[in-house]
> 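Can you keep this structure in mind? I'll have questions shortly.
Note that these values count all heavy atoms, side chains included, but never hydrogens, waters or copies made by symmetry.
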Amino acid sequence: MQAISMSQNKYKQLTKMNLPKEVFNTEAIIYDFRYKGEEKVFKKLLNNMGVNLANKLYTLEMLDVNRKYLPENLCIPDYLTIVGGVVEGFTMPKIEGINFSTTLKNKNITIEEKIYYLKKIGELLHQLEQIRKYTPFNDFYLNDIHESNFIVNPYKKTITAVDLDISRVCSKANFASRYLTPLALLNSVKDKYKIIEDNSSSLGYVEADSNTDLYCYIIMILNYLYGENINNLNLVDFYNYLTYLEKIGINKELIEIFKNIVSNKDNENPYDLLDTLTTEQVARSRKIVYKK
């Protein structure tokens, strides 16, 4: 992977990117950056030392080496960034659009359009499943799938995954994931999700695989329906909510896929069932309606 070197003076002149308040970001400072006439984003890592940095560099290198196998709607980092002789982070192409977190909260965007983008994320996960089956890059998982890690282009009707430096490649490292935590619903299932017992060389709590990627994706869908983070519910409340979804007429096959995330069955990708959701069902799924 190629590198960009800059002086401390040039670094101090960079402008921080204004991120919407709903965008979840804890591990880096994001700057606008221009290189060779192209608009980019510079992600300055807050933890750029030791094992964490080594794992990041490995992940970035593997993404770069295998980029020919990956779809266009993954924002693959392109340059390491060295400031004053120290690796401080990396750059990636600047994706024009709106953060998906912002899109979901925008009352001027229709329910149908929001479901369309949720479906697009599921289609991306299906693509990655095919890549793992049919290319040499057979051990790649997004890991930290949540609303803030996608950019929507409302004009092209596309959605792009960002923050790939915290993905899992070639069984090397596991990074933290917003929905894979000690307090998550997944802890109600034994053995299905691989808890990392010795995290001395990892910031992650769970080893990323196809089940965890689909778990996070399904949590995103349920968060949208519920209107809050459903990952914070206990198991009884989660089942009660799914029973309510069934009563308001949501597709039973879709509900079964939701239930699977807290069972020993492998998770399934529900993207092709999202079109069954009606505007009325989504409105009645909200916590404020459910509690009444």
> Between N153 and T160, does the side chain to side chain contact (heavy atoms under 4.5 Å, CB included) criterion hold? Intermediate values first, please.
CA-CA 8 Å; N153 187 315; T160 303; over 6 Å; no

> Give a yes or no on this: more than 12 heavy atoms of other residues, nucleotides or ligands lie within 6.0 Å of atom CD of E39.
yes

> Kindly write out the residues that satisfy ring pair (Phe, Tyr, Trp, His ring centres under 6.0 Å) with F42, not counting sequence neighbours, or none if the list is empty.
Y31

> Between T243 and E246, is any pair of side-chain heavy atoms under 4.5 Å apart?
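T243 does not reach E246 side chain to side chain.
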
> I'd like to know whether T158 forms a side chain to side chain contact (heavy atoms under 4.5 Å, CB included) with E72, so could you lay out the CA-CA distance, the side-chain angles of the two residues, the decisive distance to 0.1 Å, and finally the verdict.
CA-CA 10 Å; T158 58; E72 291 183 357; over 6 Å; no

> What's the shortest heavy-atom distance between N260 and N267, and which atoms?
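Between these two residues, the closest heavy atoms are O-OD1, 3.3 Å.
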
> Can you check side chain to side chain contact (heavy atoms under 4.5 Å, CB included) on Y290 and S285, steps first, answer last?
CA-CA 6 Å; Y290 164 60; S285 298; over 6 Å; no

> Are I261 and I219 close enough that some pair of their side-chain heavy atoms sits under 4.5 Å apart?
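Side chain of I261 against side chain of I219, heavy atoms only: contact under 4.5 Å found.
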
> Quick one: OG1 on T91 to CG on D78, what's the gap to the nearest 0.5 Å?
3.5 Å

> Looking only at non-hydrogen atoms, find the nearest pair between L225 and L277 and report the distance.
CD2-CD1, 4.3 Å

> Determine whether a donor-acceptor pair (N or O, by modelled atom type, separation under 3.5 Å) exists between the side chain of N174 and the backbone of A208.
yes

> Got a second to check how far K156's NZ is from E96's CD, nearest 0.5 Å?
9.0 Å

> Determine, using the 4.5 Å side-chain heavy-atom cutoff (strictly less than), whether I95 and I76 are members of one ILVMFWY cluster.
no

> Is there a chain of hydrophobic side chains (I, L, V, M, F, W, Y, each step under 4.5 Å between heavy atoms) that links I257 to I145?
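Yes.
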
> Please determine whether side chain to side chain contact (heavy atoms under 4.5 Å, CB included) holds for the pair Y215 and K192, giving the CA-CA distance in whole Å, both sets of side-chain angles, and the decisive distance to 0.1 Å.
CA-CA 11 Å; Y215 175 91; K192 177 176 178 178; over 6 Å; no

> First locate atom CD of E61, then atom CE of M1, and finally report the distance between them rounded to the nearest 0.5 Å.
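Result: 7.5 Å between the selected atoms.
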
> Less than 4.0 Å between a side-chain N and a carboxylate O, is that true for E123 and K120?
yes

> As a quick check of understanding, evaluate side-chain hydrogen bond (donor to acceptor under 3.5 Å, both in side chains) for D266 and N211, giving each step before the final call.
CA-CA 6 Å; D266 282 334; N211 274 327; 3.1 Å; yes

> Just wondering, are more than 12 heavy atoms of other shown residues or ligands nearer than 6.0 Å to CG in N234?
yes

> Between F137 and Y69, does the ring centroid distance fall short of 6.0 Å?
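F137 vs Y69: aromatic centres not under 6.0 Å.
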
> Are I131 and P71 close enough that some pair of their side-chain heavy atoms sits under 4.5 Å apart?
yes

> Looking only at heavy atoms, what is the nearest atom pair of P182 and N187, with distance?
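For P182 versus N187, the nearest heavy atoms are O-ND2, 3.1 Å.
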
> Can you measure from CD1 (I221) to OH (Y271) and round to the nearest 0.5 angstrom?
12.0 Å

> Please determine whether the number of non-hydrogen atoms from other residues, nucleotides or ligands lying under 6.0 Å from atom CD of E280 exceeds 12.
no

> Of all the heavy-atom pairs spanning Q8 and G84, show the shortest one and how long it is.
NE2-CA, 4.4 Å

> Does any part of the side chain of D163, heavy atoms only, come nearer than 4.5 Å to the side chain of D144, both counted from C-beta?
no

> Assess whether atom NZ of K259 is packed by more than 12 heavy atoms of other residues, nucleotides or ligands within 6.0 Å.
yes

> Same cluster for L70 and Y58 if Ile/Leu/Val/Met/Phe/Trp/Tyr side chains link at under 4.5 Å?
yes

> Looking at P77, is its backbone amide N or carbonyl O close enough to the side chain of R67 to form a donor-acceptor pair, meaning the two atoms are under 3.5 Å apart?
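Answer holds: yes.
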
> Is L274 linked to L245 within one hydrophobic cluster, defined over Ile, Leu, Val, Met, Phe, Trp and Tyr using a side-chain heavy-atom separation of less than 4.5 Å?
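Shared cluster, yes.
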
> Which one of N229, N223, N231 satisfies the side-chain hydrogen bond (donor to acceptor under 3.5 Å, both in side chains) criterion with Y179?
N223

> Sort out for me which residue in R132, K133, R168 forms a salt bridge (charged side-chain N to carboxylate O under 4.0 Å, His left out) with D139.
R168

> Taking E113 for the side chain and T110 for the main chain, is one N or O donor matched with an acceptor at less than 3.5 Å?
no

> Below 4.5 Å, heavy atoms only, C-beta onward: do I109 and Y117 meet side chain to side chain?
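No, their side chains stay 4.5 Å or more apart.
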
> How close do K16 and I29 get, heavy atom to heavy atom, and via which atoms?
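Closest approach of K16 to I29, heavy atoms only: CE-CG2, 3.8 Å.
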
> Applying the 4.5 Å side-chain criterion to the ILVMFWY set and letting contacts propagate, would V189 and L214 be lumped into a single cluster?
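Yes, same cluster.
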
> Please report the shortest heavy-atom distance between C75 and V162, naming the atom on each side.
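Of all heavy-atom pairs spanning C75 and V162, the closest is CB-CG1, 3.8 Å.
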
> With the side chain counted from C-beta on, respond yes when Y244 and V289 share a heavy-atom pair under 4.5 Å apart, and no when they do not.
yes

> So how far is it from D191 CG to N264 CG, rounded to the nearest 0.5 Å?
7.0 Å

> Regarding E38 and K94, does a basic nitrogen lie under 4.0 Å from an acidic carboxylate oxygen?
no

> Answer yes or no: is there a donor N or O on one side and an acceptor on the other, between the side chain of N99 and the main chain of S148, under 3.5 Å?
yes

> So do the side chains of V282 and I115 get within less than 4.5 Å of each other, counting heavy atoms only?
yes

> Nearest 0.5 angstrom please: Y217 OH to L124 CG, how far?
9.5 Å

> Check whether any side-chain N or O of K44 sits under 3.5 Å from a backbone N or O of E88 as a donor-acceptor pair, and report yes or no.
no

> For the pair R286 (side chain) and Y224 (backbone), establish whether a donor and an acceptor sit closer than 3.5 Å, ignoring hydrogens and angles.
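Looks like yes, one N/O pair under 3.5 Å.
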
> Should L45 and V87 count as side-chain neighbours, where that means a heavy-atom distance under 4.5 Å?
no

